[in-house]
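Presented below is the structure to which this report refers.
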Amino acid sequence: MPKLSLVVPVYKVQGYLPECLDSILGQDCTDFEIIAVDDCSPDGSGAILDEYAKRDDRIHVIHLTENVGLGRARNAGLEKAGGDYVLFLDSDDTLSDGALSAIRDRIEATGDPEILVFDYARTYWDGRVRPNLRADVLKEEGPDAFSLAERPQLLDLLQIVWNKAYRRDFVTRTGLTFPPGYYEDAPWTFCSLISTERIAVLDRVCVYYRQRREGGNILKTVSRKHFDVFDQYQRVFDYLDAHEELAKWRAPLFRKMVDHYLTVLERPGRLPQDARAEFFHRASADYRARVPKDFTRPGGGRGHKYGMLERDAYTTMVSALAAVKLRQRVRTRTRTALNRSKRGAMGAFYQSQLRLPLDDNLVLFSAYWNRSVSCNPAAIDAELARLAPHMRRVWAVRAENASGVPKGVKVVRVGSREYWSAVARAKYLVNNVNFADSVVKREGQIHVQTHHGTPLKTMGLDQQKYPASTDMDFEKLLERCDRWDYSISANQFSTVIWERVYPCSYTTLETGYPRNDVLVTAGSEEVRAARAGLGLADGTKAFLYMPTHREYQPGFTPPLNLSVFARELGPDVTLLVRGHYFYGNSPHVDELRRTGRIIDVSGHARVEELYLAADALITDYSSAMFDYAVLDRPIISYVPDWDVYSAVRGTYFDLLQEPPGAVATTQAELLALLASGAYDSPETAKRRDTFRRRFCEFDDGHAAERVVRRVFLGEESLPPVVPFDERHHAPTPAQALELVERA
């Protein structure tokens, strides 16, 4: 049996779960097992656990058939634990490097204590790490193992179970289990500490306690569930009543109980306003029923609060807290004044429009920082016109880009009075990037963030690890993301990343990418029309070349020598070159257009038409690979600077190890692949199939319909995702030609 068993309860943590599991599996100590308990999680957490378990037999997954809560989920894991010691780790937290070996070594050095207490630190989204304020209690001074009576200050540590290792036979002997409800750690922590005879400490940070910016924390949840604290302390004192030999701990635990009750009362964001008096009276009753004889209150203001509880003086308590509330109101007024100042900078007209009612039938679209009518917003726009023609659809476009807008599309120029009116009054705002900081999120407005690609490169908060790639103000970024109501995802891979790197309170819609619907639904006529629009003759093989932006390069310099490419591959091959939108039109490519063998498609409005027209895709790190894979056509990864790119920007997987097809790291390798046809082989097809199943998970041709029905029509029951093996996709250019010839 393993030395250590780690029980990891899991519920709605898909954005953090991989990091948690990786922190365990990456430990240099390997003598452990993981008991992961899927508490009927409604997100993809259960699937993530199963995937990890397939790769590592130290992981044992329990899938509960109903949601039972944190305490009972831990009990389910505890029943299966076989290690000498049991540890608990919450699934959004992580272990520090070397934590398990340090725990194992300390256990052995201190003669197998019943409980080992170790240190932790709080971590924040912005990279801050705050040490435990009571770390002094864990100094390794005096005897290696001791009783609680020798170091009673251990009771002053945070009431948590995951900063300790428990000898399993001790847990079995005492019959400890976790109760249901909030604050379930209190009975376990106190009852275990007062029952043990031998405790040891480890003065080392072993757990990083994640302070989530949004959600996942009961301490920030307004609910009557906070009344569960009374049941938890009832269990503590019932335990004391059943063990007369532990009577000496009654006074210290009474003090912990009162302090806990006062904390719940005093902290904002826990109790509903209409429940505060009831809570106080319950707390007062517990105080009077359990106060030990000759109990001495603490001094100062804290002791005064003890006295108010003892007298059941709720009115006095309310008056005492009034000053605190007054200070909070002053701070709120200051923030309000600041916000008004910001709005004042937006202009009087916008302010006047913000005071008008929202227009429930107005939808404002934008894409790529108001550059064009394209991408997921354009696909949603088209589907909205079909399913909800009563909606009025308007696009925000920069003045210099207005000439490229398709006929029939209603446009407001960014910065105009019409624009500010639409931003202020539209019920729905749809974008594939963030709206400007100056846009105010009104109550009742619905923001839909569609994103514009599955991420290979790091995004959002993950970019903090790669400062050379960005000068982003991450606090401002999250303020913009706070406006989102919906986040569109094409696959669970993206969902997990978005929810971690943009930790805000939006709802994820795993619909697939609307812009990719046409790659499924298009027929031979659409494929041939796309090729004809580019001047591609029948029988011409067209490679679409889409290199991405590189932060360490000042402009678009294709890593591929286009002249050599054109010469080596012969007259029947055409290269379609599309520079990343950061570069705009490319003078470098313009010089080569005169050859007729290279077509610059950087300014083409709809990249989906380019996908339909191309026989194969050549790209590097662009999200184009994930979209093009829907077509099940060859993809070649040309990555001559993989080492530099992955180091500067960071990536979520190794493209050399998990490519969507053939890989070339030099131009000679690329030309050899293309000339020989090796880019399209059984081996590359196998890689592509694996890639498609992972990243084209929800792209079945109905993504836009799902978004419109859920967001705009309010439907909860959406068209189910077509099983992967039952899906179709647009025909290849050769298939489209064959179908026409047959007709």
Next on the checklist: With salt bridge (charged side-chain N to carboxylate O under 4.0 Å, His left out) as the criterion, how do Asp725 and Arg693 come out once you've worked through the C-alpha distance, each side chain's angles and the decisive distance to 0.1 Å?
Outcome noted: CA-CA 9 Å; Asp725 292 326; Arg693 290 176 185 274; 2.6 Å; yes
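- With salt bridges taken as basic N to acidic carboxylate O contacts below 4.0 Å, one links Asp615 and Arg531.
- Annotation for Glu525: atom CD does not count as buried by contact number, only 12 or fewer foreign heavy atoms lying within 6.0 Å.
- Partners of Leu737 according to the side-chain contact (heavy atoms from CB on, under 4.5 Å) rule, which considers only residues two or more places apart in sequence or in another chain, are Arg528, Asp538, Glu741.
- Side-chain N or O atoms of Gln667 include none that pairs as donor or acceptor with a backbone N or O of Phe565 at under 3.5 Å.
- Tested against Phe695, the residues Tyr513, Tyr652, Phe626 include a single ring-ring contact (aromatic ring centres under 6.0 Å, His included) partner, Phe626.
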Item to check | CA sep, side-chain torsions, deciding dist, call: Lys457, Tyr466, side chain to side chain contact (heavy atoms under 4.5 Å, CB included) | outcome: CA-CA 11 Å; Lys457 59 191 176 187; Tyr466 300 91; over 6 Å; no
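- Scanning all heavy atoms of the two residues, the minimum distance from Leu673 to Ala664 falls at CD1-CB, 4.0 Å.
- Within the 4.5 Å cutoff, the side chain of Leu544 has heavy atoms near those of the Val601 side chain.
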Item to check | Arg706/Asp517 under salt bridge (charged side-chain N to carboxylate O under 4.0 Å, His left out): CA gap, chis, key distance, verdict | outcome: CA-CA 11 Å; Arg706 292 189 190 96; Asp517 286 349; over 6 Å; no
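- Taking the side chain as every heavy atom from C-beta outward, Leu534 and His604 approach each other to under 4.5 Å.
- Nearest heavy-atom pair across Val520 and Asp700 is CG1-O, 3.5 Å.
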Checklist entry - Does the salt bridge (charged side-chain N to carboxylate O under 4.0 Å, His left out) test come out yes or no for Lys410 and Asp381, once each step is laid out? => result CA-CA 11 Å; Lys410 173 69 175 177; Asp381 179 10; over 6 Å; no
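- The backbone N or O of Gly523 lies less than 3.5 Å from a partner atom in the side chain of Glu526, making a donor-acceptor pair.
- For the residue pair Ser487 / Gln449, no side-chain donor-acceptor distance below 3.5 Å is found, with atom types taken as modelled.
- Without hydrogens or angle criteria, Asp620 side chain to Val639 main chain gives no donor-acceptor distance under 3.5 Å.
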Checklist entry - What do the steps show when you test Cys481 against Asn434 for side chain to side chain contact (heavy atoms under 4.5 Å, CB included), and what is the final call? => result CA-CA 7 Å; Cys481 300; Asn434 276 311; 3.9 Å; yes
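- Summarising the geometry, atom CG belonging to Asp680 is positioned 11.0 Å from atom CG belonging to Leu674; distances are rounded to the nearest 0.5 Å.
- The existence of a salt bridge linking Arg727 and Asp699 is excluded, since no basic side-chain nitrogen approaches an acidic carboxylate oxygen closer than 4.0 Å.
- For the residue pair Glu499 and Gln14, a side-chain donor N or O sits within less than 3.5 Å of a side-chain acceptor on the partner.
- Side-chain contact between Ser637 and Pro660 is present, with at least one heavy-atom pair separated by less than 4.5 Å.
- Nearest approach of Tyr419 to Arg413, heavy atoms of both residues: CB-O, 3.2 Å.
- The closest donor-acceptor contact from the side chain of Gln445 to the backbone of Ala426 lies under 3.5 Å.
- Here the straight-line distance linking atom OG1 of Thr665 with atom CG of Asp643 works out to 9.5 Å at 0.5 Å rounding.
- Without hydrogens or angle criteria, Arg710 side chain to Thr511 main chain gives no donor-acceptor distance under 3.5 Å.
- The heavy-atom pair separating Arg633 from Pro731 by the smallest distance is NH2-O, 2.6 Å.
- Within the 4.5 Å cutoff, the side chain of Lys441 has heavy atoms near those of the Asp485 side chain.
- Listed for the Asp641 side chain is no donor-acceptor partner under 3.5 Å among the backbone atoms of Val644.
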Checklist entry - Are Glu383 and Arg386 close enough, and set up right, to give a salt bridge (charged side-chain N to carboxylate O under 4.0 Å, His left out), and what steps lead you there? => result CA-CA 5 Å; Glu383 187 67 6; Arg386 184 179 76 87; 2.5 Å; yes
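- A cation-pi contact links Arg694 to Phe653, judged by a cut-off of 6.0 Å to the six-membered ring centre and 45° from its axis.
- Side-chain contact between Leu656 and Trp642: present, with at least one pair of heavy atoms (C-beta onward) separated by less than 4.5 Å.
- The aromatic ring centroids of Trp484 and Tyr502 lie less than 6.0 Å from each other.
- In this structure a side-chain-to-backbone donor-acceptor pair under 3.5 Å is missing from Arg688 to Ala662.
- The CD atom of Gln463 sits 10.0 Å away from atom CG of Asp471, with the distance rounded to the nearest 0.5 Å.
- Minimum heavy-atom separation, Tyr350 to Ala424: CE1-CB, 3.5 Å.
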Item to check | Working for side chain to side chain contact (heavy atoms under 4.5 Å, CB included), residues Thr458 and Lys465 | outcome: CA-CA 9 Å; Thr458 56; Lys465 304 170 187 175; over 6 Å; no
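- Here CG of Leu576 is found 9.5 Å from CD1 of Ile618. Values are rounded to the nearest 0.5 Å.
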Next on the checklist: Assess the residue pair Leu536 and Ile599 against the criterion (side chain to side chain contact (heavy atoms under 4.5 Å, CB included)); give the C-alpha distance rounded to whole Å, side-chain angles, the decisive distance to 0.1 Å, and a yes or no.
Outcome noted: CA-CA 10 Å; Leu536 296 173; Ile599 303 175; 4.2 Å; yes
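- Between Leu610 and Met546 there is no side-chain heavy-atom pair separated by less than 4.5 Å.
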Checklist entry - Step by step, would you call Gln353 with Ser421 a side-chain hydrogen bond (donor to acceptor under 3.5 Å, both in side chains)? => result CA-CA 6 Å; Gln353 295 297 297; Ser421 177; 2.9 Å; yes
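- With hydrogens and angles ignored, the 3.5 Å screen pairs a side-chain donor or acceptor of Asn432 with a backbone N or O of Tyr368.
- At least one side-chain heavy atom of Asn376 sits less than 4.5 Å from a side-chain heavy atom of Arg515.
- Side chains of Thr495 and Asp43 form no contact here, defined as non-hydrogen atoms less than 4.5 Å apart.
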Item to check | Chi angles and distances behind the ring pair (Phe, Tyr, Trp, His ring centres under 6.0 Å) call for Phe543, Tyr679 | outcome: CA-CA 12 Å; Phe543 291 103; Tyr679 68 91; 5.6 Å; yes
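- The aromatic rings of Tyr645 and Tyr621 lie parallel to each other, with less than 30° between the two planes, well short of the 60° mark.
- His390 and Asn361 get closest at one heavy-atom pair: CD2-OD1, 3.4 Å.
- Taking NE2 of His451 as the reference point, atom OG of Ser623 lies at 12.5 Å (rounded to 0.5 Å).
- Considering CG of Leu509 and CG of Leu718, their distance stands at 8.0 Å, rounded to 0.5 Å.
- In this structure, the side chain of Arg398 engages the main chain of Trp369 through a donor-acceptor pair within 3.5 Å.
- With hydrogens and angles ignored, the 3.5 Å screen pairs no side-chain donor or acceptor of Ser681 with any backbone N or O of Gly677.
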